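All of these numbers come straight from a predicted model, not from anything done at the bench.
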Amino acid sequence: MALALALGCVAVGAAGVGSRGGAAEPVPDARGAPGAAAAPDASGAPGAVAAPDASGVVGATGAVPVVGGAWPVGARPWVVRGWEPPATGYGAGHRGVDLAAPPGSPVRAAAAGRVSFAGRVAGRGVVSVELSRTGDPPLRTTYEPVRATVTEGDRVATGEPLGTLEPAARFHCPTACLHWGLLRRHTYLDPLTLLPPHLLGGTPPRLLPVTA
């Protein structure tokens, strides 16, 4: 079976877009760092894996305030792969979106908040930002792989640089990309829902893998 590339257009909306499949990804600990171990929560389940909501899909529901005002990279980057919530808390999926950008690109805060983590996890640079005025517990965005220029505790404004995209930016994309995630506590949500419609409209076409 050969893998070809077909040019397709993607309309990015609040529900997100992307290809199917993919393995389960590292999950954040209490600081927001993916891949770190987390202690069990009050239910006795590992805190690093979110339980499905009432619909049976992790992060499928729940209001996300439109507090974002900037794409993390570029002006209207290609969405290489969209948010694909797993069917169960331990299932395969894509818990975030991948945005195409060349290594060395500035990585910016999509919304204002406080840096809750800036460091390395599994060899990759990770920055996590708790977003202001998003409830209790607050929403948290994650960005990787990033060479951080901020430190834990820093306050950042919308569009303020967090660092630069690391050279090893093809860690799970066919091209260099930023992996951008959104969580409330341990539940994954679609980060594109943070952005207002005027930023989401008119994103450029992307290459879609097809099988023959």
Can you tell which of Val80, Leu178, Asp190 makes a side chain to side chain contact (heavy atoms under 4.5 Å, CB included) with Val97? Asp190

On a heavy-atom basis, the closest approach of Gly68 and Ala111 is CA-CB, 3.9 Å

Expected output: side-chain Arg81 to main-chain Leu99 donor-acceptor under 3.5 Å: no

Do Val66 and Leu194 come close enough that some side-chain heavy atom pair is under 4.5 Å? no

Tell me which donor-acceptor pairs under 3.5 Å the side chains of residues 158-165 have, and how far apart each pair is, sequence neighbours excluded?
| unit_1 | atom_1 | unit_2 | atom_2 | d |
| --- | --- | --- | --- | --- |
| Thr158 | OG1 | Ala112 | N | 3.2 |
| Glu160 | OE1 | Ala157 | N | 2.9 |

Atom CG of Leu183 and atom OG1 of Thr141: how far apart are they, to the nearest 0.5 Å? 9.0 Å

Testing the 3.5 Å rule here: is there a donor-acceptor pair between the side chains of Ser128 and Thr142? no

Tell me if a side-chain donor or acceptor on Arg76 pairs with a main-chain N or O of Gly201 at a distance below 3.5 Å. yes

Looking only at non-hydrogen atoms, find the nearest pair between Ala148 and Ala118 and report the distance. CB-CB, 4.2 Å

Checking Ser132 against Arg155: is there a side-chain donor and acceptor pair closer than 3.5 Å? yes

Compare all side-chain heavy atoms of Leu192 with those of Trp180 and state whether any distance is below 4.5 angstrom. yes

Is it the case that the side chain of Tyr143 and the backbone of Ala110 share a donor-acceptor pair, with hydrogens and angles ignored and the cut-off at 3.5 Å? yes

Here the pair of heavy atoms bringing Cys177 nearest to Pro145 is O-CD, 3.8 Å

Do you know which two heavy atoms are closest between Ala109 and Ala70, and how far apart they sit? O-CB, 4.2 Å

Using a strict 4.0 Å threshold on nitrogen-to-oxygen distance, state whether Glu144 and Arg120 make a salt bridge. no

Trace of the side chain to side chain contact (heavy atoms under 4.5 Å, CB included) decision for Val115 with Val156: CA-CA 7 Å; Val115 177; Val156 293; 4.0 Å; yes

Are any of the side-chain heavy atoms of Val64 and Leu182 separated by less than 4.5 Å? yes

Salt-bridge present (Glu130, Arg114; N to O < 4.0 Å): yes

Under a 3.5 Å distance rule, please check whether Trp71 uses its side chain to pair with a backbone N or O of Leu199 as donor and acceptor. yes

Does Arg147 have any side-chain hydrogen bond (donor to acceptor under 3.5 Å, both in side chains) partners at least two apart in sequence or in another chain, and if so, which? none

Considering all heavy atoms of both residues, which atom of Pro65 and which atom of Leu139 are nearest to each other, and what is their separation? CD-CD1, 3.7 Å

Can a donor-acceptor pair be found, under 3.5 Å and without considering hydrogens, that links the side chain of Arg184 to the backbone of Thr187? no

